[in-house]
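Quantities reported herein were computed from a predicted structural model and do not represent experimental measurements. Here, residue 1 is the first one in the sequence, and each next residue gets the next number.
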Amino acid sequence: MIYILLGITAIVGNTLILIALHKNTSLHQPSKALLRNLVASDLCVGFVQLVHVALGIFILQRRWQICRHLFMVVGIAANISITVSLWTITAISVDRLLALLLKLTYRQMVTIRKVYAVAMASWVIGISNATLWIFSLLAWKVLLGTNIAVCLITSAYCYTRTFLRLRHQHTQVLNNLRQPENQASRIDEIRYRKTVSSSLWLLLALLFCYLPFFFLMSFAFREIENNPSPVFINALTTTALLVYFNSTLNPILYCWRIKEVRRAVKDTLSCSRE
């Protein structure tokens, strides 16, 4: 029942966000493309949860042939969507740092084509990860661990440098706040801080939902070889649910932190009622 609830809310919520992003014209196109990529991966997770429900039903019916096929579908889709989410969240942190460093040349350097290439690369990495999961569990563990390490280190570096740069700029603006051009800079800084804060919330939500599962997975193969205890199985199931919950949580964060998305979602819901 929990899988059904989370699956339906993830599908409905992320579909609404996709519609809202399509209607919105004020967001910067490359940034919106990265957000769409993250929403698409969360939408896939919603469908994976419903397949997971079907897997549980066929296990109860002991239809093992169908179970094997559904297990492969769940594993492949989960590997792809989790990898895409990790890399997209990292790309968003890099995008926010580039917006701060490049300033006026940001829109010339960060183009929609480059962002589409980054989005495609995240799906290619996800498919590679899923392929290794099928053919070589050891290589899969190495690649998954490398992906997590690279994404977390890159995101930590980007946000640390962003906040240090913002603190420096904040001090400079406050020292010359009486000048009109610095007042305008202060307004731009406040807007930028909101976008950085929104992307940081997405990263923190992902870490909160994913890290417990990844931590347990590091011991999973040893436990499987030694006949895993019911406590370990229950803990792994609970943390897997937490991973799935991230796809339901993200649409809530979009509406809470991004004013343009919240307004577009309200417009979409009001139109559907009419």
Side-chain angles (χ1 to χ4, degrees), residues 10 14 30-31 33-49 52 71-98 110 114-162 199-224 235-236 239-247 249-250 253:
N14 287 287
S31 299
L34 287 175
L35 203 56
R36 276 177 173 170
N37 200 50
L38 184 59
V39 174
S41 68
D42 286 334
L43 187 60
C44 290
V45 173
F47 287 107
V48 169
Q49 291 177 75
H52 208 134
F71 178 76
M72 293 297 293
V73 171
V74 169
I76 292 170
N79 269 286
I80 293 174
S81 57
I82 288 173
T83 305
V84 171
S85 296
L86 278 171
W87 281 103
T88 305
I89 288 286
T90 305
I92 290 173
S93 68
V94 174
D95 174 70
R96 291 300 82 207
L97 179 60
L98 290 177
V110 181
K114 292 178 181 178
V115 171
Y116 281 152
V118 170
M120 289 292 295
S122 70
W123 288 93
V124 171
I125 296 172
I127 293 171
S128 302
N129 204 27
T131 304
L132 285 180
W133 176 77
I134 297 172
F135 295 106
S136 175
L137 287 177
L138 179 60
W140 170 76
K141 287 182 68 177
V142 172
L143 181 60
L144 181 62
T146 303
N147 284 334
I148 296 171
V150 170
C151 289
L152 292 184
I153 292 172
T154 302
S155 297
Y157 169 79
C158 289
Y159 284 117
T160 300
R161 189 170 179 186
T162 297
S199 57
L200 184 58
W201 269 100
L202 291 173
L203 175 63
L204 293 176
L206 183 139
L207 292 178
F208 173 77
C209 294
Y210 280 35
L211 286 184
F213 178 76
F214 287 146
F215 177 76
L216 284 179
M217 281 298 296
S218 63
F219 301 100
F221 297 105
R222 186 189 310 168
E223 287 286 334
I224 290 171
L236 196 62
T239 54
L241 277 172
L242 196 58
V243 170
Y244 286 141
F245 175 67
N246 181 251
S247 299
L249 180 61
N250 280 342
L253 292 177

If you look only at distance, which donor and acceptor atoms sit under 3.5 Å apart when one is on a side chain in residues 149-158 and the other is two or more places apart or in another chain?
residue: Thr154; atom: OG1; partner: Val150; partner atom: O; Å: 2.7
residue: Ser155; atom: OG; partner: Cys151; partner atom: O; Å: 2.9
residue: Tyr157; atom: OH; partner: Arg161; partner atom: NH1; Å: 2.9

Side-chain donor-acceptor pairs under 3.5 Å in residues 74-83, sequence neighbours left out?
residue: Asn79; atom: OD1; partner: Trp140; partner atom: NE1; Å: 2.6
residue: Asn79; atom: ND2; partner: Gly75; partner atom: O; Å: 2.8
residue: Ser81; atom: OG; partner: Ala77; partner atom: O; Å: 2.9
residue: Ser81; atom: OG; partner: Ala78; partner atom: O; Å: 3.2
residue: Thr83; atom: OG1; partner: Asn79; partner atom: O; Å: 2.7
residue: Thr83; atom: OG1; partner: Asn129; partner atom: ND2; Å: 3.1

Ring geometry between Trp133 and Phe71 (parallel below 30°, tilted from 30 to 60°, perpendicular above 60°): tilted

From Val118, Val115, Leu34, residue fulfilling side-chain contact (heavy atoms from CB on, under 4.5 Å) relative to Asp95: Leu34

Spatial distance of atom CE (Met72) from atom CD1 (Ile134) [nearest 0.5 Å]: 4.0 Å

Approximate separation, where rounding is to 0.5 Å, of Leu35 CG and Ile92 CD1: 6.0 Å

Atom pair CG (Leu236) and OG1 (Thr239), whose distance is rounded to the nearest 0.5 Å: 5.0 Å

side-chain contact (heavy atoms from CB on, under 4.5 Å) involving Ser128 - partner list, sequence neighbours excluded: Val124

Would you be so kind as to tabulate the donor-acceptor pairs closer than 3.5 Å made by side chains of residues 199-217, with sequence neighbours excluded?
residue: Ser199; atom: OG; partner: Tyr159; partner atom: OH; Å: 3.0
residue: Ser199; atom: OG; partner: Thr195; partner atom: O; Å: 3.3
residue: Ser199; atom: OG; partner: Val196; partner atom: O; Å: 2.8

Pairwise distance CG(Leu98) to NZ(Lys114) - rounded to 0.5 angstrom: 9.5 Å

Any Gln49 side-chain heavy atom under 4.5 Å of Phe245 side chain: no

Sequence neighbours excluded and cut-off under 3.5 Å, please list the side-chain donor-acceptor pairs for residues 37-46, or say none.
residue: Asn37; atom: OD1; partner: Trp123; partner atom: NE1; Å: 2.7
residue: Asn37; atom: ND2; partner: Thr88; partner atom: OG1; Å: 2.9
residue: Asn37; atom: ND2; partner: Ser122; partner atom: OG; Å: 3.2
residue: Ser41; atom: OG; partner: Leu38; partner atom: O; Å: 2.7
residue: Ser41; atom: OG; partner: Ser85; partner atom: OG; Å: 3.0
residue: Asp42; atom: OD1; partner: Ser247; partner atom: OG; Å: 3.2
residue: Asp42; atom: OD2; partner: Asn250; partner atom: ND2; Å: 2.8

